[in-house]
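Below: the structure, in structure tokens.
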Amino acid sequence: GFVKKDNFTFSSIMQNYIKYKSFCGDNTDGFEKYLHLQLNDISNKELISTLVSYLMEIFVNVKTHARVNENKNQFKDTEIFTSGYYNENKNYIRFSISNNGKTFMSAINDSLNYIFNYDFEYIEWALKKKNTSKKNVPGGLGLYMLNELVKLSNGELIILSGKGYYHLSYSNKINDFTINVKDFSTSFPGTTVTVKLPLDLIPSGERINNSMSFNALSILEGVI
């Protein structure tokens, strides 16, 4: 989607890239089919099912949470944007999902009226277990679980929301991670989450328990 053959030689285009695609938040079936098709190069089919389980949860409830105005969407029926890359030699997947909806700050402010000095503090707050801006329903596990999966697999997590930036990266030592946070001078109009997951360390066959309320735009917007 991003690369055009007129601008690249075929040898310079990464193999096994996960095709860029945009979705309406209602099209969960289309997103699931897209994942299975794009991840088909992974030989471990049980692992594919595990990855799809996690990535689907980053998509769930998008209509409710991504649309700032229910009756008018800037991109009409296109509000979720995804792309990625499967490195077959080093056996890891990198996947990004973005929305054009609320930021962590706006979602948490609207629900709880919490005021922090910096945008990245809203991301940090949302990463903590049981912190939720939902009312009268369980929550507070989605982003926390994603963060724990990244740690478990010695991976990487990057979140950009508004001006806020959060980067968790493995530092090549067991259970040793580096976290960088900051606010940029300009604001990103929505939220982007990027994960890098080394596949050898992901426990295949382990599915997300949907009763734990781990859902998509909970991750993308801090509504967890």
Side-chain angles (χ1 to χ4, degrees), residues 18 51 54-62 65-66 68 79-85 92-134 139-198 201-202 208 212-224:
I18 298 171
L51 287 171
Y54 276 95
L55 296 176
M56 281 297 297
E57 292 299 329
I58 305 178
F59 192 87
V60 174
N61 293 334
V62 62
H65 298 127
V68 176
E79 51 202 345
I80 299 297
F81 312 89
T82 66
S83 186
Y85 173 57
Y92 71 80
I93 185 174
R94 187 181 292 277
F95 190 82
S96 293
I97 181 167
S98 301
N99 73 357
N100 60 313
K102 293 180 178 180
T103 64
F104 276 64
M105 182 183 72
S106 58
I108 294 171
N109 270 344
D110 288 350
S111 180
L112 301 176
N113 198 31
Y114 284 5
I115 304 297
F116 296 119
N117 293 324
Y118 300 100
D119 281 23
F120 73 76
E121 292 179 282
Y122 292 92
I123 301 175
E124 289 184 313
W125 180 88
L127 280 164
K128 295 178 181 178
K129 191 174 183 179
K130 296 184 180 180
N131 276 359
T132 178
S133 60
K134 292 180 179 179
L141 289 173
L143 192 55
Y144 168 79
M145 287 177 62
L146 180 65
N147 204 45
E148 291 303 300
L149 175 65
V150 169
K151 290 181 178 179
L152 181 66
S153 63
N154 292 342
E156 184 178 20
L157 172 64
I158 301 171
I159 301 174
L160 177 63
S161 183
K163 293 183 178 181
Y165 172 80
Y166 174 92
H167 184 193
L168 169 72
S169 58
Y170 177 61
S171 59
N172 297 319
K173 296 180 181 179
I174 297 177
N175 296 324
D176 187 14
F177 296 87
T178 299
I179 297 176
N180 292 314
V181 294
K182 64 180 176 180
D183 267 19
F184 291 114
S185 59
T186 56
S187 182
F188 179 78
T191 296
T192 292
V193 176
T194 297
V195 292
K196 177 184 176 183
L197 298 172
L201 296 177
I202 294 178
I208 292 172
M212 298 177 77
S213 196
F214 176 47
N215 66 60
L217 277 297
S218 291
I219 291 175
L220 284 184
E221 300 174 357
V223 187
I224 55 177

S106 meets the side-chain hydrogen bond (donor to acceptor under 3.5 Å, both in side chains) criterion, sequence neighbours left out, with T103
Across all chains, not counting sequence neighbours, the ring pair (Phe, Tyr, Trp, His ring centres under 6.0 Å) partners of F184 are Y165
Discussion item. Could you check whether any side-chain heavy atom of L152 comes within less than 4.5 Å of a side-chain heavy atom of L201, counting everything from C-beta outward?
Written reply: no
ask   = Is the CZ atom of F116 crowded by more than 12 outside heavy atoms at less than 6.0 Å?
value = yes
For P198 and G155 the tightest heavy-atom approach is CD-CA, 3.6 Å
ask   = Under a 4.5 Å cut-off applied to non-hydrogen side-chain atoms, are N154 and F177 in contact?
value = yes
So that I can tick it off, tell me whether K129 and E148 are bridged by a salt bridge, with the cut-off set at under 4.0 angstrom between side-chain N and carboxylate O. no
Output for pair (Y166 OH, I159 CD1), nearest 0.5 Å, gives 7.0 Å
What I'd like to find out is whether the side chain of V195 reaches to under 4.5 Å of the side chain of V150, using heavy atoms alone.
yes
Open item on the list: For a side chain to side chain contact (heavy atoms under 4.5 Å, CB included) check, start with the C-alpha distance between L168 and K151, then their side-chain angles and the critical distance, and finish with the verdict.
Closed with: CA-CA 9 Å; L168 169 72; K151 290 181 178 179; 4.0 Å; yes
Hits for side-chain hydrogen bond (donor to acceptor under 3.5 Å, both in side chains) against Y122, two or more places apart or cross-chain, chain-then-number order -> N109
N/O donor-acceptor pair under 3.5 Å between S161 side chain and F104 backbone: yes
V181 side chain reached by H167 side chain, heavy atoms, under 4.5 Å: no
Rounded to the nearest 0.5 Å, the CZ atom of F120 sits from the NZ atom of K182 at a distance of 11.5 Å
dist T186:OG1 -> K163:NZ (nearest 0.5 Å) comes out at 8.0 Å
Distance col, row M105:CE vs D110:CG, nearest 0.5 angstrom, shows 9.5 Å
Walk me through whether Y118 and I123 qualify under side chain to side chain contact (heavy atoms under 4.5 Å, CB included). CA-CA 10 Å; Y118 300 100; I123 301 175; over 6 Å; no
Between D183 (side chain only) and D119 (backbone N and O only), is there a donor and an acceptor less than 3.5 Å apart? yes
Checking N99, L160, L157, I158 against V193 for side-chain contact (heavy atoms from CB on, under 4.5 Å), the one that qualifies is L157
When rounded to the nearest 0.5 Å, the distance separating OH of Y85 from CD1 of I93 is 11.5 Å
Between the CG atom in L197 and the CD atom in E156, the distance rounded to the nearest 0.5 Å is 10.0 Å
Using a 3.5 Å distance criterion without hydrogens, assess whether the side chain of T82 forms a donor-acceptor pair with backbone atoms of F95. no
